[in-house]
Amino acid sequence: LLVSNMLVQMFGRLGCLDSASHIFNTMPTKDSFSWNLMLGAYAQRGHITQARRIFDQMPTKDYVSWNAMLSAYSRDGLAQEAKVLFDKMPQRDIISWTALFTAYAQSGDIHTTKLVFDQMPQKDLVSWNALLAAYAQNGHLEKARDLFHSMPYWSLVSWNSMLTAYAQRGHVHEATVLFDKIPDKDLVTCNTMLSVYGRHGDAAKAKTLYDTMSYVDLLSWDGILAAYGNSGNLDQARLVFGNMPEWDTLSWNAILAACTDNGFVEDAKRIFDGIPRRDLVSWNTLLSAYARNNYIHKARSLFDAMAERDLVSYNTLLSALAKSGNLDQAVGFFEQMPVLDMVSWNLMLSGLAKSGDLEKAEAFFKKMQDVN
RNA sequence: CAAUUUUGCUUUUUUCC
């Protein structure tokens, strides 16, 4: 039983869910650990439906099972589902509370995140860190900074999250200052800092940091790749890509992104066609290549061919329409969009402003304030 | 002395500025 359980765990961690589930299904006897391990394996990889099926089939559920199911929802930002489950729980501990407000954070609802955090009966360092991370990821730099300074003590995760807060806003200098203050840096710290340089296109500093690192992983490589890509150094980016020990979809997306600037549309298309496992970001990136280079028709037909779309896809096509001066089309598209955010409004507004139609732009601005 | 079979926090790629 112990050995089978460990196998389920091992395959689960490796992401071989078929193997994990095979072991699980053929086990002669199962205990609560077996069920929780199988549930956790699905939960960690974001297989909500399968996780839910295991959860519903379980002969007995303990607090670990409830928390594992809750974290499955939380990870995907399914706040409504998480709340329903949370309310049904026979008992709740710090883990449940943290998972609940993280669900709100993942869905972008920072207000409710804080409300739930304030209602928590007890808080520990992980919950503090989770709130800090929520601020950091949603770009609330001031709140993150205040929280960081009001925290009773810090772990490396706290430092790393604070670094992320600067990274999200592109504050390279402050990030560097903080980075130098961090006492025991780990791989996450360095990869975060690499990503700051990467976004900023600071390839030289990225390379210097990279050379000091004793351990690197795929994410470090992806950071370097982004640095060369964003600095417009496509040749170097290609060189790095060629020298990488392995590639995941992320690496492919990064090299694809490097081609979106400066008219390398054909290269982008070729890379896209060669990606073994394309995800939504791959599609959005190619769309962005068309958008930036004014390939309106190609952008439009790619958009129509996409199996799934998110807000980024919509905004990307909107930017293509708005920037090329097709304002009627842009307005029409804008009005049909299922959801809008600040980026959508800004795109529309600047499109109208550039066209010189100040009346329309003003009307739009008023509408924007009304919605807000 | 302690010594992880299961649950919560941090990093990478795409849209405006």
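So you know, we letter chains A, B, ... as the sequences are listed, proteins then strands, and number each from 1. Treat the numbers as computed from the prediction; the structure is a model and nothing was measured.
Donor-acceptor pairing under 3.5 Å is recorded for the side chains of A:Asn326 and A:Ser324.
The phosphate of B:U15 (OP1 or OP2) has no side-chain N or O of A:Lys323 nearer than 4.0 angstrom. An OP1 or OP2 oxygen of B:U12 is reached within less than 4.0 angstrom by a side-chain nitrogen or oxygen of A:Arg199. For A:Gln137, no side-chain nitrogen or oxygen approaches OP1 or OP2 of B:C9 to under 4.0 Å. Regarding contacts with the backbone of B:G8, a side-chain N or O of A:Gln44 is found under 4.0 angstrom from either OP1 or OP2.
For A:Asp93 against B:G8, no side-chain N or O and base N or O form a donor-acceptor pair under 3.5 Å.
One interatomic measurement links the two molecules: CZ of A:Arg292 to C1' of B:U13, which rounds to 12 Å at whole-angstrom precision. The CG-C1' distance, from A:Asp186 to B:U11, rounds to 9 Å in whole Å. Atoms CE (A:Met244) and C1' (B:U13) sit 11 Å apart, rounded to a whole Å. The separation between A:Met69 atom CE and B:U6 atom P is 19 Å, rounded to whole Å. Rounded to an integer number of Å, the gap from NZ of A:Lys354 to C1' of B:C17 is 10 Å. Atom CD1 in A:Ile182 sits about 13 Å away from atom P in B:U11, given to the nearest Å. Remark: P of B:U14 and CG of A:Asp248 are 14 Å apart, rounded to the nearest angstrom. Taking atom CG of A:Leu132 as the reference point, atom P of B:U11 lies 11 Å away to the nearest angstrom.
Residue A:Asn346 places its side chain closer to B:C16 than to any other of B:C16, B:G8, B:C9. For A:Val157, taking side-chain heavy atoms from C-beta onward, the closest of the listed nucleotides B:U14, B:U11, B:U10 is B:U10. Ranking B:U11, B:G8, B:U13 by closeness to the A:Asn253 side chain, first place goes to B:U13. Checking B:U10, B:U14, B:U7 against every side-chain atom of A:Ala68, the shortest atom distance belongs to B:U7. Distance from the side chain of A:Gln106 is smallest for B:U10 among the nucleotides B:U10, B:U12, B:G8. The side chain of A:Asn129 lies closest to B:C9 when the candidates are B:C9, B:U6, B:U13. Side-chain proximity of A:Leu219 to the nucleotides B:U7, B:U12, B:U15 is greatest for B:U12. With distances taken from any side-chain atom of A:Val343 to the nucleotides B:C16, B:G8, B:U6, the minimum falls on B:C16.
Looking at heavy-atom distances under 4.0 Å, A:Lys185 makes no contact with the nucleic acid at all. Within 4.0 Å (heavy atoms only), A:Arg75 reaches sugar-phosphate atoms of the nucleic acid but no base atom. No contact: A:Asp341 has no heavy atom under 4.0 Å from any strand. As judged by a 4.0 angstrom heavy-atom cut-off over every strand, A:Arg92 is placed among residues making no nucleic acid contact. Residue-level contact check: A:Thr192 touches the backbone only, with heavy atoms under 4.0 Å from sugar-phosphate atoms and none from bases. Within the nucleic acid shown, A:Leu250 comes within 4.0 Å of at least one base atom, counting heavy atoms only.
Taking the six-membered ring for Trp and the full ring otherwise, A:Phe55 and A:Trp66 have centroids separated by under 6.0 Å. With ring centers used as reference points, A:Tyr314 lies under 6.0 Å from A:Phe303. In this structure, A:Trp97 has its ring center at least 6.0 angstrom away from the ring center of A:Phe117.
A:Leu147 contributes atom CG, which lies 5.0 Å from atom CG of A:Leu131 (distance to the nearest 0.5 angstrom).
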What's touching nucleotides 3-5 of chain B from the protein side, N or O pairs under 3.5 Å?
residue	atom	partner	partner atom	Å
B:U5	O3'	A:Gln9	NE2	3.1
B:U5	O2	A:Asn5	ND2	3.3

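Taking the six-membered ring where the residue is Trp, A:His149 and A:Trp154 present perpendicular rings, their angle passing 60° and hence far from 30°. Using cut-offs of 30° and 60° for the angle between ring planes, the A:Tyr295 and A:Tyr290 rings count as parallel.
Side-chain atoms of A:Met306 and A:Leu317, non-hydrogen and from C-beta on, never get closer than 4.5 Å to each other.
Looking at A:Trp128, A:Tyr166, A:Trp159, A:Tyr153 one by one, the single match for ring-ring contact (aromatic ring centres under 6.0 Å, His included) with A:Phe148 turns out to be A:Trp159.
Only A:Val281, A:Asn284, A:Thr285, A:Ser288, listed by number, bring a heavy atom of residues 269-290 of chain A to less than 4.0 angstrom from any atom of RNA chain B.
With A:Asp202 contributing its side chain and A:Ala227 its backbone, the two residues share no donor-acceptor pair below 3.5 Å.
Using a cut-off of 4.0 Å between Lys/Arg side-chain N and Asp/Glu carboxylate O, A:Arg145 and A:Glu174 are scored as salt-bridged.
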